[in-house]
Amino acid sequence: MKTLSELNLWFPGGVITDQLCRELGAARGACGPVRVFALEDQGQILRQGLVTPDSVQILSVETDMKVVNFSKGYIRMLLQTAEPVHSEEICRALWPKHPLYQVGENAPRELRETFLPGMTTYRCQETENGILIEAFTIPGDDPMSILEHVQQTLASAGFAVQTLSLINQPLPPFRAALDEEVVAALVRTFFRCYGRGPNFEWDQTGTLLRNLGSVSSNTFAIGPGLPEAAMAVSPDKRSAEQMNPFPEWYIGFLRQLIKELRDSPSV
Amino acid sequence: MRLIKPMETELVTLCPAPPGHGITLHGIPATSGHVMKYDARVDLYQGDSMVFLAEHILAPLKLLGIEDAEAFGRKLPWDFARPVHRFAYSLGMDTGHIFGPSDGRHCFEIAQHLDCLEPWNSERFCTVRETVVYELRDYGRIEIHPAQPGDGMHYRIASGPYCAEATVFVTRRETDPKIREKVLTSRSPAVRGFQEEEPLWHAIGDFTSDLCGIGDLTDAVVIAEVEQQYHAITVGAVKKAEERGLLVYENTI
């Protein structure tokens, strides 16, 4: 069993205030059992070696109070076609399909939001060089099979594909392996605050956890908000913008979680 | 009915257990004290072990009147479109701890292996002392009314214009096999939404799981108006009845 030595809380830079730090029993950047950092500073903080493998990293983001310790993989492709096409047409052709579940664009929203997070999804946009296709992948996908799938799907939908090429080093899906004691502390906190255990869900856009998770396995994201804010498909930007990201009840939840983690024997 | 020999189906293995053992899922007792999550589904935990979608195995067991059994799920390929698969994967668990088929039905195959069962009707009786009402905004409302021994569980479950109504038995008498089949093969609201009657028939299985499997009820009249995540009100009502001493057992009513 690992000995967990410190707890770091990560907030978007714009919301870190002295009051928030005081309420969470920490001062920004101060050494101690609980530290508060800006998410935007993680590159610099990692370079300085301030995050240790034995620490717990909690990222405060819009996840609708779901615990997220898994990120989908990420692949970028560039598509060139003989005839000009709109990115929306490509996106529609690549929309995921499932033999049992309603996941189509016209399916009830709650069903789409239930199933799509676990499927390989695509985002498309027009660029000077062609259509940029971003694939958000799941365990079991491999880059070449994704490339082949995209090529075949577009060809069978009648698009005259000239070239389709990978333009980044594909990032595989990533899972931060939480210690039993961290999971137990999360369960206790949810029971105390809501009378039931937490929900675990996946990060759709596949970049948030990876940096910190590569250093400390006990890395997860949590936060209030709406699920579509984290969806790779059809985000509802207006409702995301209207949200108050960190209300008082959420700060209370974090305080309880810190207490539960501190009470864990090895944290 | 009771199990007289191990039963193997595509999805589960069932083993007989001695009288009084109750039902365990991968060794975790199906009781309210082991419920970790109850909203769109019911998950149980004990120590660092968990089982998911407990209602999809408890429903057929209770609808067959089985009171004692050890159940184990079988490992199947991942289908990450299912939230429960993502949940289990996030925690490093395998699919063997997830009960029920991918299409949203209960483990209906159990009712097709009657050669592993023998008739046995217990005389157990449990109802509520007085009407229990439990309501949660965005989850629904449930009323549980007292009933007499042998009345069974009578349900009237509605969602908007759709409704399912039936009586099932978890002890003393056998549930009409046609009703049992309809309940066990109906797909869940998570798969079908609430735009039709089918998921409400599935809900009768879920209610039986939660009220009679997680809870102890054998006889009651249940009236409910539900939203998609109705396990919050069924398990919530069981917890409320247990905490307030509102359950009455054989010969005490």
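These values consider heavy atoms only, across backbone and side chains, with no hydrogens, waters or symmetry-generated copies. First the proteins, then the strands, lettered A, B, ... as listed; each starts at 1.
- In this structure, no portion of B:V235 lies under 4.5 Å from any heavy atom of chain A.
- Applying the salt bridge (charged side-chain N to carboxylate O under 4.0 Å, His left out) criterion to A:R76, with sequence neighbours excluded, gives no partner residue.
- Only the side chain of A:F191 comes within less than 4.5 Å of a heavy atom in chain B; its backbone stays farther off.
- In this structure, the portions of A:P139 lying under 4.5 Å from any heavy atom of chain B include both its backbone and its side chain.
- Rounded to the nearest 0.5 angstrom, B:F52 CZ and B:I57 CD1 are separated by 15.5 Å.
- The two residues B:A237 and B:V132 make their nearest non-hydrogen contact at O-CG1, 4.3 Å.
- Rounding to the nearest 0.5 angstrom, the gap separating the CG atom in B:L61 from the CD1 atom in B:I110 is 5.0 Å.
- The shortest side-chain heavy-atom distance between B:L217 and B:V170 does not fall under the 4.5 Å cut-off.
- Remark: side-chain polar atoms of A:S156 are paired, donor with acceptor, to backbone N or O of A:T153 under 3.5 angstrom.
- Ranked by heavy-atom pairs shorter than 4.5 Å toward chain B, the options A:L100, A:V67, A:V183 are led by A:L100.
- At a 4.5 Å heavy-atom cutoff, A:L178 makes no contact with chain B through either its backbone or its side chain.
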Cross-interface N/O pairs, chain A with chain B, donor-acceptor, under 3.5 angstrom:
from, atom 1, to, atom 2, distance (Å)
A:N69, ND2, B:S90, O, 3.0
A:H98, NE2, B:D79, OD1, 3.3
A:H98, NE2, B:D79, OD2, 3.0
A:Y101, OH, B:S102, O, 2.3
A:T114, O, B:R86, NH1, 3.3
A:T114, O, B:R86, NH2, 2.7
A:R175, NH1, B:Y89, O, 2.5
A:G195, O, B:Y38, OH, 3.1
A:G197, N, B:M36, O, 2.4
A:E201, OE1, B:R86, NE, 2.7
A:E201, OE2, B:R86, NE, 3.4
A:E201, OE2, B:R86, NH2, 2.8
A:W202, NE1, B:R86, O, 3.2
A:W202, NE1, B:S90, OG, 3.3

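- Proximity to chain A is limited to the backbone of B:A190, based on heavy atoms less than 4.5 angstrom apart.
- Interatomic distance, CZ of B:F108 versus CG of B:L63, reported as 14.5 Å (0.5 Å rounding).
- Within the 4.5 Å cutoff, side-chain heavy atoms of A:L261 are placed close to those of A:I58.
- Highest contact tally toward chain B, considering only A:P198, A:P99, A:A176, A:A177, is held by A:P198 [criterion: heavy-atom pairs under 4.5 Å].
- To the nearest 0.5 angstrom, B:F72 atom CZ is 8.5 Å from B:F99 atom CZ.
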